[in-house]
Student: 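Right, I'll just put the structure down here and ask away after.
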Protein chains: 2
Amino acid sequence: MSLRYALLALLSVEPMTGYDLYKQFESTVGHVWYAPDSQIYPELRKMDQDGLVEGEMVPWGPRGTKRRYHITDAGVVAFRTWMNDDLEYSRARDRPHLKAAYLEWATPTSAIRQLNSHIAHHTAELHQWEENIREIDSGESVLLNRRLEQTPEADRKRTTLFKRFAYEGLITQARQEIEWAQRGLRLIEELDS
Amino acid sequence: MSLRYALLALLSVEPMTGYDLYKQFESTVGHVWYAPDSQIYPELRKMDQDGLVEGEMVPWGPRGTKRRYHITDAGVVAFRTWMNDDLEYSRARDRPHLKAAYLEWATPTSAIRQLNSHIAHHTAELHQWEENIREIDSGESVLLNRRLEQTPEADRKRTTLFKRFAYEGLITQARQEIEWAQRGLRLIEELDS
DNA sequence: GAAAACATGTAACCGGTTACATGATTCT
DNA sequence: AGAATCATGTAACCGGTTACATGTTTTC
C-alpha cells in the first residue's frame with residue numbers, strides 16, 4: 001500500500017506522467033522507494049478510479065499524447081491521513097543477517113566475497129544519499145525547490161530539515177552496514193590465521 | 001525463497017515438526033526471520049517433494065501423530081549452495097524513512113508519536129538481541145548448544161563467533177534507529193520552539 | 001537513419017499476509 | 001472440566017517481480 005503514498009508524495013509537488021514518476025523512483029526518491037513501471041501504471045489507474053488523482057491526456061509531439069496525473073483534494077487528504085497514521089512494523093526478515101548467523105557453512109572465499117558485496121552495495125547507497133544531502137544543502141534539488149516554492153516561507157526550513165533528517169538516517173544505516181561487514185572480514189581473517 | 005533456507009538452517013541442527021519451526025521463528029531466530037504457520041506447513045510439503053527434507057509420522061500422545069521433518073543430504077547441499085551464493089540486494093523500500101522525508105505533512109503530535117513508536121519498536125528488538133548475545137556467551141542457547149555438539153571442536157569458536165557477529169550487527173542497527181528517531185524528536189522540539 | 005529516451009501497458013508468477021477451520025494433548 | 005498449548009492445514013488476497021509487447025519522440 002505504500003506505493004500509493006509514495007506516488008501521492010511526488011504528485012503533491014507537481015503533476016507528472018507515469019513515466020516521470022518511474023524516473024523519479026529510479027533517481028532521488030528511488031533510494032527510499034522503488035517501483036517498476038509495470039507496477040506504477042496500473043496503480044495510477046486504480047488511484048484515478050479511487051479519486052486520489054486525475055489523469056488528463058496532454059499532447060506529446062506532433063501525433064502522440066501522454067497521460068499526466070495531478071493529485072486531487074481527496075488525494076491530499078489521503079496522503080495527510082497516511083502521514084498521521086502510525087505505520088505497522090512487520091517482522092524482521094533480514095537476508096544478510098540470516099546468512100551471517102550461519103556463515104560457517106560458507107567457504108571463507110565465498111564469505112569474503114559476500115561481505116565485500118555487502119560493502120559495495122551500501123557504499124553505492126551511501127554515495128547517493130550523500131549526494132542527495134549535498135543537493136538539499138546547495139539548493140540544487142529540483143523537486144525540493146518546486147516543493148519549497150509552494151510552501152509558506154515559515155515552513156520552508158521545516159520541510160528542508162525533515163528531508164535532510166530522512167537522508168541522514170539512511171547515511172548512518174549505510175555506514176553501519178559497511179562497518180559491520182568490515183568487522184566480518186576482520187573476523188574471518190583472525191579465524192583463518 | 002529465503003523461508004526455505006531459514007527452515008533448512010534450523011533443520012540442519014535437528015529434526016523438528018512444523019510447529020517446532022514456527023515456535024523457533026517466534027523466538028530466537030524469529031528476530032532474523034519470521035513466517036506464520038500457514039506459510040511453514042505448505043513450504044515443508046514442497047521441500048519434501050523437492051527432496052530437501054523428509055517428514056515421518058511420529059506418535060504424539062495416546063492417539064495423535066505429528067509429522068517430524070529431518071534434512072536430507074540434498075537439503076544440506078542446497079543449504080550450503082545457498083550459503084555460498086551471493087544474495088541479491090533488492091531496491092530500497094523503507095517506509096519509516098519515506099515518511100520521515102515528508103514529515104512536515106504530519107501534525108507535530110503525530111510525528112512525535114510515530115518517532116516514539118519507532119524507538120519503542122527498535123528498543124524491543126534491541127533487548128531481544130542483547131538477550132540472544134547474552135545466551136550465546138553464557139552457553140544457555142539451546143539451539144546453539146545442539147549445533148555445537150555436532151561441530152568438530154576446531155570449528156566451534158567459528159560457529160559461535162559468526163552467530164554473535166550477526167546479532168552484533170542487528171544490535172548496532174537497532175541502536176542507530178533509536179538514535180535517529182531521538183534526533184527527530186529533538187528536531188521537532190527545536191522547530192516548534 | 002539509428003539509437004536512446006519517452007510512453008504505456010498486460011500477464012504469469014511468487015512470496016507473504018490474513019482469515020478461516022479443526023482437532024488432540026497437556027497442564028492446572 | 002476448562003484453558004493453554006500443540007498440531008496442521010486451506011483459501012482468498014495483495015504487493016511486488018519478471019517477462020512480454022508496442023509505439024512515439026527526441027537526439028545524435
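Proteins come first, then strands; the chains are lettered A, B, ... in the order of their sequence lines, and each starts at number 1.
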Student: Quick check on DNA chain C: between A:Thr65 and A:Pro42, whose nearest nucleotide comes earlier from the 5' end?
Tutor: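 That would be A:Thr65.
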Student: Taking the side chain of B:Trp33 as its heavy atoms from C-beta onward, which of C:dT8, C:dG16, D:dA7 lies nearest to it?
Tutor: C:dG16
Student: Roughly, in whole Å, what's the span from CG in B:Leu21 to C1' in D:dC6?
Tutor: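 Taking CG of B:Leu21 and C1' of D:dC6, I get 14 Å after rounding.
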Student: Identify whether NZ of Lys or CZ of Arg in A:Lys99 sits under 6.0 Å from the centre of the six-membered ring of A:Trp105 and within 45° of that ring's axis.
Tutor: no
Student: Between A:Lys66 and C:dC6, does any side-chain N or O lie under 4.0 Å from OP1 or OP2?
Tutor: no
Student: List the steps and the verdict of salt bridge (charged side-chain N to carboxylate O under 4.0 Å, His left out) for A:Arg186 and A:Glu189.
Tutor: CA-CA 5 Å; A:Arg186 283 199 301 277; A:Glu189 234 175 78; over 6 Å; no
Student: Kindly say whether, by distance alone, the side chain of A:Ser38 makes a donor-acceptor pair under 3.5 Å with the base of D:dT17?
Tutor: no
Student: Measure CD1/A:Ile40 against P/D:dT17 and give the value in whole Å, please.
Tutor: 11 Å
Student: Is the centre of the A:Tyr167 ring less than 6.0 Å from the centre of the B:His97 ring?
Tutor: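 When the ring centroids of A:Tyr167 and B:His97 are compared, they turn out to be at least 6.0 Å apart.
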Student: OP1 or OP2 of C:dC6 less than 4.0 angstrom from a side-chain nitrogen or oxygen of A:Arg68, does that happen here?
Tutor: no
Student: Given D:dT17, C:dT26, C:dT17, which nucleotide is nearest the side-chain atoms of B:Pro62?
Tutor: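 Of the options given, the side chain of B:Pro62 lies nearest C:dT26.
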Student: I need the OH-C1' distance between A:Tyr19 and C:dA5, as an integer number of Å.
Tutor: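 These atoms are roughly 5 Å apart.
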Student: D:dC6 P sits how many Å from B:Asp20 CG, rounded?
Tutor: 9 Å
Student: Regarding C:dT17, can its base be found pairing with the side chain of A:Ser90 as donor and acceptor, where the two atoms are less than 3.5 Å apart?
Tutor: no
Student: Just the rounded figure in Å: distance from P of D:dA7 to CD of B:Gln24.
Tutor: 12 Å
Student: Checking all strands, does A:Leu3 fall into the base, sugar-phosphate, or nothing category for heavy-atom contacts under 4.0 angstrom?
Tutor: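 Result for A:Leu3 = sugar-phosphate.
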Student: For A:Gly64 and for B:Trp60, find the nucleotide of DNA chain D with the closest heavy atom, then tell me which residue's nucleotide is more 5'.
Tutor: B:Trp60
Student: Begin with the C-alpha distance, continue with both residues' side-chain angles, and end with the deciding distance and a verdict on side-chain hydrogen bond (donor to acceptor under 3.5 Å, both in side chains) for B:Gln173 and A:Glu177.
Tutor: CA-CA 8 Å; B:Gln173 269 187 0; A:Glu177 291 302 321; 2.6 Å; yes
Student: Applying ring pair (Phe, Tyr, Trp, His ring centres under 6.0 Å) to A:Trp180 and B:Phe165, what does each step give before you reach the verdict?
Tutor: CA-CA 8 Å; A:Trp180 175 70; B:Phe165 167 62; 4.5 Å; yes
Student: In terms of side-chain heavy atoms of B:Lys23, which of D:dT25, C:dA7, D:dC6 is nearest?
Tutor: D:dC6
Student: Using atom CE of A:Met57 as one end and atom P of D:dT24 as the other, report the distance to the nearest whole Å.
Tutor: 13 Å
Student: Below 4.0 angstrom from OP1 or OP2 of D:dT8, is there any side-chain N or O of B:Arg67?
Tutor: no
Student: Using whole Å, what does the distance between atom P of nucleotide C:dC14 and atom CE of B:Met1 come to?
Tutor: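 Checked: the CE to P distance equals 9 Å.
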Student: Base, sugar-phosphate or nothing for A:Asp37? Non-hydrogen atoms, less than 4.0 Å.
Tutor: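 Result for A:Asp37 = base.
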Student: Roughly how many Å is it from OH in A:Tyr41 to C1' in D:dT17, rounded to a whole number?
Tutor: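 Checked: the OH to C1' distance equals 17 Å.
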